[in-house]
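Heavy-atom basis, side chains included; hydrogens, waters and symmetry copies ignored.
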Protein chains: 2
Amino acid sequence: MALIDQTLLALADPTRRAILARLAQGEATVMELAAPFRMTQPAISHHLKVLEKAGLIARSREGTRRPCRLTPVGLAPLDAWLSDLRANLERSFARLDDLLAEGDPPEET
Amino acid sequence: MALIDQTLLALADPTRRAILARLAQGEATVMELAAPFRMTQPAISHHLKVLEKAGLIARSREGTRRPCRLTPVGLAPLDAWLSDLRANLERSFARLDDLLAEGDPPEET
DNA sequence: ATCTTATATAAGTTCTATTTTATGTAAAGG
DNA sequence: CCTTTACATAAAATAGAACTTATATAAGAT
């Protein structure tokens with residue numbers, strides 16, 4: 001699975017986005033992250049694993065606790081995808097402008 | 001369902017992202033969009049419906065054809081979510097810096 | 001050592017998304 | 001009119017993601 005797939009699949013879940021939002025305020029343990037949700041701890045652990053595999057969070061060890069923190073670089077694939085898309089869009093607009101300037105109506109390939 | 005949910009759910013599928021990439025080059029009909037995929041036309045039609053409901057594409061009528069075009073404003077919810085997240089991150093880094101400057105080690109709430 | 005706290009993993013279930021097959025509709029072409 | 005082309009919709013199958021219950025592990029507290 002491509003990086004961008006993992007990124008977007010991870011972000012597509014509201015619980016995981018809420019977890020990221022929480023982590024944007026600072027580190028938190030699994031239990032702290034689980035608290036706001038009406039959901040069991042294993043469910044949260046699974047969400048964390050998805051986020052970790054997507055490179056969106058990292059975890060350390062602090063005795064029995066496993067604090068999580070956000071790793072902003074994990075958003076890079078999404079940034080790249082977005083700017084790619086927008087670059088292509090602009091290129092296609094530029095082509096369209098050229099054609100219109102020539103008075104030549106654009107046609108499909 | 002919140003806007004950002006629809007946006008990210010739509011983007012989480014590789015077929016749909018490929019469709020958007022194709023549309024970044026310019027308008028295309030359903031058949032043209034379906035061609036590159038080993039997938040039936042109804043499947044593509046369904047993907048297009050998801051993209052449309054997310055506000056990522058729009059469709060017009062041209063006789064029997066239904067050309068699709070990208071609507072870049074559909075990415076606004078994602079842009080907003082991303083900058084929100086990053087704003088919070090920076091705020092929390094700022095707080096951390098303050099505390100460190102005071103020589104006061106940060107603690108959990 | 002034992003108990004507790006914090007977390008992970010496994011198995012199973014339920015829910016939702018993707019895809020296909022089959023069929024319907026609407027416009028254009030003969 | 002009848003056929004074809006381009007697409008939509010419905011129903012059903014499949015696949016996959018999310019969640020729960022039950023259990024395991026590992027570190028700290030007693």
Could you walk me through whether A:Arg16 and A:Val50 satisfy the side chain to side chain contact (heavy atoms under 4.5 Å, CB included) test, starting with their C-alpha distance in whole Å, then the side-chain angles of each, then the deciding distance to 0.1 Å, before giving a yes or no? CA-CA 9 Å; A:Arg16 289 195 287 264; A:Val50 174; 3.7 Å; yes
Side chain to side chain contact (heavy atoms under 4.5 Å, CB included), that's the test. Do B:Leu8 and A:Asp13 meet it? Break it down for me. CA-CA 8 Å; B:Leu8 281 169; A:Asp13 183 277; over 6 Å; no
Separation of A:Arg65 atom CZ from D:dA27 atom C1', in whole Å? 11 Å
Sorted by chain and residue number, the salt bridge (charged side-chain N to carboxylate O under 4.0 Å, His left out) partners of A:Arg17 (sequence neighbours excluded) come out as B:Asp5
Between the OG1 atom in B:Thr7 and the CG atom in A:Leu11, the distance rounded to the nearest 0.5 Å is 12.0 Å
Could you give the distance from CE (A:Met39) to CD (A:Gln41), rounded to the nearest 0.5 Å? 12.5 Å
Contact list for DNA chain C against residues 50-60 of chain B - heavy-atom distance below 4.0 Å: none
May I have the distance from A:Leu48 (atom CG) to D:dC19 (atom C1'), rounded to whole angstrom? 14 Å
To the nearest 10 degrees, how far apart in direction are the end axes of the helix from C:dA1-D:dT30 to C:dG30-D:dC1, each fit to five base pairs? 10°
Is the backbone N or O of B:Arg65 less than 3.5 Å from a side-chain atom of B:Thr29, with the two atoms forming a donor-acceptor pair by type? no
Between B:Lys49 (NZ) and D:dA8 (P), how many Å, whole number? 8 Å
Which part of the nucleic acid, if any, lies within reach of B:His47 when heavy atoms closer than 4.0 Å are counted: base, sugar-phosphate only, or nothing? sugar-phosphate
Note: contacts of residues 36-44 of chain A with DNA chain D (heavy atom, under 4.0 Å) are A:Met39, A:Thr40, A:Pro42, A:Ala43
B:Leu23 and B:Ile19: side chain to side chain contact (heavy atoms under 4.5 Å, CB included), yes or no, with the steps? CA-CA 6 Å; B:Leu23 289 179; B:Ile19 289 175; 4.1 Å; yes
Does B:Met31 or A:Asp13 map to a spot on DNA chain D nearer the 5' end, using the closest nucleotide for each? B:Met31
Report yes if the side chains of A:Trp81 and B:Leu20 come closer than 4.5 Å at any heavy-atom pair, otherwise no. yes
Check against side chain to side chain contact (heavy atoms under 4.5 Å, CB included), B:Leu82 and A:Leu78: CA-CA 10 Å; B:Leu82 277 171; A:Leu78 178 53; 4.0 Å; yes
Look up atom CD in A:Gln6 and atom CG in A:Leu51, then write down how far apart they are to the nearest 0.5 Å. 11.0 Å
Between D:dT21 atom C1' and A:His46 atom NE2, what is the distance in whole Å? 16 Å
To the nearest angstrom, the CG-C1' distance between B:Leu9 and D:dA17 comes to 11 Å
Taking atom CG of A:Leu70 and atom CD of A:Gln25, what is their separation to the nearest 0.5 Å? 10.5 Å
Rest of the hydrophobic cluster containing B:Leu9 (Ile/Leu/Val/Met/Phe/Trp/Tyr, side-chain heavy atoms under 4.5 Å)? B:Met1
Which two nucleotides bound the region of DNA chain C that has atoms under 4.0 Å from heavy atoms of chain B, read 5' to 3'? C:dT18 to C:dA28
A:Leu33 CG to A:Cys68 SG distance, which is reported to the nearest 0.5 Å: 5.5 Å
For D:dA26, does OP1 or OP2 lie under 4.0 Å from any side-chain N or O of A:Arg66? no
Within this structure, what is the CD-to-P distance between A:Glu62 and D:dG28, rounded to whole angstrom? 11 Å
Distance, nearest 0.5 Å, that separates CZ of B:Arg69 from CG of A:Leu89: 12.0 Å
